[in-house]
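Both counts, for ligands and for their atoms, begin at 1 and track the order of listing. The basis for the numbers below is simple: all heavy atoms, side chains too, and nothing from hydrogens, waters or symmetry mates.
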Amino acid sequence: MNIIFYFTGTGNSLKAAREIAAALGDTKLAGVSDSFGMDLSGYERIGFVYPIYFGGVPLIVKEFVQSLKIPEVAYLFAVATYGGGEWNGLKELNALLKAKGRGLDYGTVLQMGSNYIFLYDKPENADDVNTAAVKKLAVIGAAIRDKENLPCGKMNPLMSLPAWRFKRGVRKTALKYDVSDNCSACGLCAKICPVRNIEIKERTPVFGGHCERCMACLQWCPQRAVNYRGKTEPRERYHHPDVRAKDLARDGGQNEK
Ligand SMILES: Cc1cc2nc3c(=O)[nH]c(=O)nc-3n(C[C@H](O)[C@H](O)[C@H](O)COP(=O)(O)O)c2cc1C
């Protein structure tokens, strides 16, 4: 059996993980938040699929990898999804794995629709990019099935320097979110937050201080009631078209009845 650990806010990485799982067969999907320290013995292939944040690995993915004991024999692979600039997004994961014993057997980046609504609207090319990504995933899935080797090179620490500015305070991001009167207290944001940083109290979402800035609450809110500092209100929301909010559950919707 194989396992793919995924982290996702807007479904791109889950879509990628699902396509690879379908190509492999006999593959379990597991959200990183609920898989810390998991026993990995017995898995033939172990994969990591996640979005690139600030040219690197999301903090929770970094901490997750650090919590693992990497088996000596399994085939290790990763796909890092990104919007426009991959920088060290894959290489950082490789370095983290190496620090745990050994690096990736196969690693690649994959451009998908960009979801960073703090800076821009839903990109016009999102559908085209996602269509191209599915084609690339067929090739990636076959390569992983055949246990091909694809080294991903060394991290360039200079490229990570600008990211420090952005990474600082990430976990407090949601404390700066506004919730408008449009909120219907449906609770979707709390259900889909991959790090359970949201509680509904007195019919209002209340945000905690361990946000990953994944954008799930903001992008999936059916009322567009969650916003960031007066910037995001007019911007079109994005999520991967083949993924539904309920699929974000911690098993990628795999065991859904
Ligand atoms: C906090 C944050 C930082 C991001 N930083 C980058 C980046 O450095 N380079 C890039 O190309 N895309 C960046 N993106 C875009 C995402 O990597 C991209 O849209 C990804 O496919 C989203 O995956 P998901 O739908 O699985 O969450 C960023 C998005 C977020 C939310």
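- For atom 8 (O) of ligand 1, the nearest non-hydrogen atom of the protein is G55 N, 2.7 Å.
- Inclusion of L14 in the set of residues having an N or O under 3.5 Å from an N or O of ligand 1 is not warranted.
- At least one side-chain heavy atom of F207 sits less than 4.5 Å from a side-chain heavy atom of C217.
- In this structure, the protein non-hydrogen atom closest to atom 27 (O) of ligand 1 is G9 N, 2.8 Å.
- At least one side-chain heavy atom of F7 sits under 4.5 Å from a side-chain heavy atom of I60.
- The shortest side-chain heavy-atom distance between I52 and W87 does not fall under the 4.5 Å cut-off.
- Taking distance alone, with nitrogen or oxygen atoms compared against 3.5 Å, S13 approaches ligand 1 more closely than that limit.
- In this structure, atom 20 (C) of ligand 1 lies nearest to the protein heavy atom T81 OG1, 3.4 Å.
- The closest heavy-atom contact to atom 5 (N) of ligand 1, among the options W87, F54, Y238, comes from F54.
- The aromatic rings of W220 and H239 sit parallel to each other, their planes meeting at less than 30°, with 60° as the upper class boundary.
- In summary, the aromatic rings of Y106 and Y75 are positioned with their centroids too far apart to meet the 6.0 Å limit.
- If you check which protein heavy atom lies closest to atom 31 (C) of ligand 1, you get R213 O, 3.2 Å.
- Distances from atom 15 (C) of ligand 1 to the heavy atoms of N115, L119, V243 show the closest one on N115.
- R213 and Y116 form a side-chain donor-acceptor contact under 3.5 Å, judged by distance and modelled atom types alone.
- Here the heavy atom of the protein found nearest to atom 13 (C) of ligand 1 is I52 O, 3.3 Å.
- Of all protein heavy atoms, the one closest to atom 2 (C) of ligand 1 is Y53 CD1, 3.4 Å.
- Residues Y120 and N115 have side chains that never bring a donor and an acceptor to within less than 3.5 angstrom of each other.
- For the pair N12 and ligand 1, the shortest N or O to N or O distance falls below 3.5 Å.
- The protein heavy atom nearest to atom 25 (O) of ligand 1 is T10 OG1, 2.5 Å.
- Taking the six-membered ring where tryptophan is involved, the planes of F36 and F64 are perpendicular, since the angle between them exceeds 60° and thus also 30°.
- Close to ligand 1: M215, with a non-hydrogen atom less than 4.0 angstrom away.
- Atom 23 (O) of ligand 1 has P51 CB, 3.3 Å as its closest protein atom, hydrogens excluded (heavy atom only).
- Assignment of F118 to the shell around ligand 1 is not supported, since no heavy atom sits closer than 4.0 Å.
- Taking every heavy atom of both residues into account, H240 and G11 meet most closely at CB-C, 3.8 Å.
- Note on ligand 1: A216 sits outside its first shell, no heavy atom being nearer than 4.0 Å.
- Closest to atom 18 (C) of ligand 1 by heavy atom, among G83, G11, G85, is G83.
- Side chains of T81 and Y50: no donor on one and acceptor on the other come within 3.5 Å.
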